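Read the structure below first, then the notes.
Just so you know, residue 1 is the first one in the sequence shown, and it goes up from there. Because the structure is a prediction, the values reported are computed rather than measured.
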Amino acid sequence: MYFIYDGRKIFYHVEGSGPVIIFLHGLGGNANNWFYQRKYFSEKWTVISIDLPGHGRSQGDEIDFKQYFDVVHSLVDHLKLKSIIVCGLSKGARIGIDLASYYPNLVSALIIINAFTHLEPKDRKKRIEVYDLLSLHDQGKTWANTLLREMGVADNETIVRGFHHSLRS
């Protein structure tokens, strides 16, 4: 399904019924990154996943990251939701933190995976160096391989294959 944010089509997926949990993927990901979690939780929950702007099936490459929490809030408004739990991975976790800080009465719980609220200067410099790899003209391959190595999963063929598949899509 799609909703419109600032003239851009944003893809989202809804399944199940019950309390609402929204899954937010990380940089280079999409809603399918949460396939197994969606399947598990949809037995007792309303599970929503979104392809963030410029990811997966969503338009909006030019939408600034600082607006992503507003994109998610617009989806929540579109679906007329009153209370949500947010589960975010990396970039998705940062969006969840922003959403919860701007709309504390909406977000009843926040699950943060692989994110931070503060980085020491040395760690921030290293993170920026990794993000700068995205400016290379290799479809994100160097960035992905560096990230997989830094996460200690470069030897796990299943994770590597899935990560690269997600990056391509």
Just checking, any donor-acceptor pair under 3.5 angstrom between side chains of Tyr68 and Asp98? no
Minimal heavy-atom distance between Gly60 and Pro53, with the atoms involved, is O-CB, 3.5 Å
Would Ile4 and Lys9 count as a side-chain contact (heavy atoms from CB on, under 4.5 Å) here? Give the steps. CA-CA 5 Å; Ile4 303 298; Lys9 288 174 51 176; 3.6 Å; yes
- Does Ser74 reach the main-chain N or O of Asp70 with its side chain, forming a donor-acceptor pair under 3.5 Å? yes
Legend entry - Salt-bridge criterion met for Asp6 and Arg8 (N-O under 4.0 Å): yes
Minimal heavy-atom distance between Leu110 and Ala100, with the atoms involved, is CD2-CB, 4.0 Å
*According to a 4.5 Å side-chain heavy-atom criterion applied to Ile, Leu, Val, Met, Phe, Trp and Tyr, with indirect links allowed, do Val76 and Phe69 form part of one hydrophobic cluster?*
yes
message = What I'd like to find out is whether the side chain of Asp155 reaches to under 4.5 Å of the side chain of Val160, using heavy atoms alone.
response = no
- Task: For Glu15 and Lys39, run side-chain contact (heavy atoms from CB on, under 4.5 Å): C-alpha distance rounded to whole Å, both residues' side-chain angles, the deciding distance at 0.1 Å, then the answer.
- Result: CA-CA 9 Å; Glu15 54 197 309; Lys39 186 175 182 174; 6.0 Å; no
CG (Asn32) and NE2 (His165) are apart, to the nearest 0.5 Å, by 7.0 Å
Q) Side chains of Val71 and Ile50: closer than 4.5 Å at any heavy-atom pair? A) yes
- Do Ile48 and Val86 sit in the same hydrophobic cluster, where Ile, Leu, Val, Met, Phe, Trp and Tyr count as joined when their side-chain heavy atoms come under 4.5 Å apart? yes
In this structure, CD1 of Ile10 is separated from CG of Leu75 (nearest 0.5 Å) by 9.5 Å
Taking every heavy atom of Ser90 against every heavy atom of Gly26, the minimum-distance pair comes out as CB-CA, 4.4 Å
Compare all side-chain heavy atoms of Leu99 with those of Ile84 and state whether any distance is below 4.5 angstrom.
yes
- [ ] Would you indicate whether the side-chain heavy atoms of Tyr5 and His78 approach each other to under 4.5 Å?
- [x] no
For Asp138, the salt bridge (Lys or Arg N to Asp or Glu O under 4.0 Å) test, sequence neighbours excluded, returns none
Are side-chain heavy atoms of Ile85 and Ile22 found at a separation under 4.5 Å?
no
Worksheet entry | Heavy-atom side-chain contact between Lys91 and Phe65 under 4.5 Å | yes
Separation between NZ (Lys66) and CD1 (Ile95), nearest 0.5 Å, reads 14.0 Å
Q. Is it true that the side chains of Asn145 and His164 contain a donor and an acceptor less than 3.5 Å apart?
A. yes
**Asked** According to a 4.5 Å side-chain heavy-atom criterion applied to Ile, Leu, Val, Met, Phe, Trp and Tyr, with indirect links allowed, do Tyr40 and Val20 form part of one hydrophobic cluster?
**Response** no
When rounded to the nearest 0.5 Å, the distance separating CD1 of Ile128 from CG of Asp123 is 11.0 Å
Heavy-atom closest pair (Arg38 atom, Ser49 atom, distance to 0.1 Å) is CD-OG, 3.2 Å
Let me see the working for Lys82 and Leu106 under side-chain contact (heavy atoms from CB on, under 4.5 Å), right down to the final yes or no. CA-CA 6 Å; Lys82 302 295 181 209; Leu106 173 66; 5.8 Å; no
Item to check | Leu52 with Leu27, same ILVMFWY side-chain cluster at under 4.5 Å | outcome: no
Aromatic ring pairing Trp45/Phe41, orientation class (parallel under 30°, perpendicular over 60°, tilted between) | perpendicular
Worksheet item: Has Glu157 got more than 12 heavy atoms of other residues, nucleotides or ligands less than 6.0 Å from its CD?
Response: no
Please tell me whether Val47 and Met1 are part of a single hydrophobic cluster in this structure, the criterion being side-chain heavy atoms less than 4.5 Å apart.
no
Open item on the list: I'd like to know if Arg124 pairs up with Glu120 as an ion pair, taking the criterion as any Lys NZ or Arg NE/NH1/NH2 lying under 4.0 Å from an Asp or Glu carboxylate oxygen.
Closed with: no
Measure centre to centre between the rings of Tyr103 and His73, then say whether the value is under 6.0 Å. yes
Exercise for the section: Could you tell me whether the side chain of His55 and the main chain of Gly28 form a donor-acceptor pair under 3.5 Å? Expected result: yes
For atom CG of Asp132, is the number of surrounding heavy atoms from other residues, nucleotides or ligands below 6.0 Å larger than 12? yes
4.5 Å side-chain heavy-atom contact, Ile113 and Cys87: yes
**Prompt:** Aromatic ring centroids of Tyr12 and Tyr2 under 6.0 Å?
**Reply:** no
Worksheet entry | side-chain contact (heavy atoms from CB on, under 4.5 Å) between Leu89 and Trp34, worked out | CA-CA 10 Å; Leu89 169 66; Trp34 298 104; 3.7 Å; yes
- Do Asn33 side-chain atoms and Asn30 backbone N/O form a donor-acceptor pair below 3.5 Å? yes
When every non-hydrogen atom of Arg57 is compared with those of Asp51, the smallest separation belongs to N-OD2, 2.7 Å
Taken to the nearest 0.5 Å, the spacing of Leu133 CG from Thr142 OG1 works out to 6.5 Å
d(Leu136 CG, Trp143 CH2) to nearest 0.5 Å is 12.5 Å
Quiz item: With a 4.5 Å heavy-atom cut-off, do Ile21 and Thr46 have their side chains touching?
Solution: no
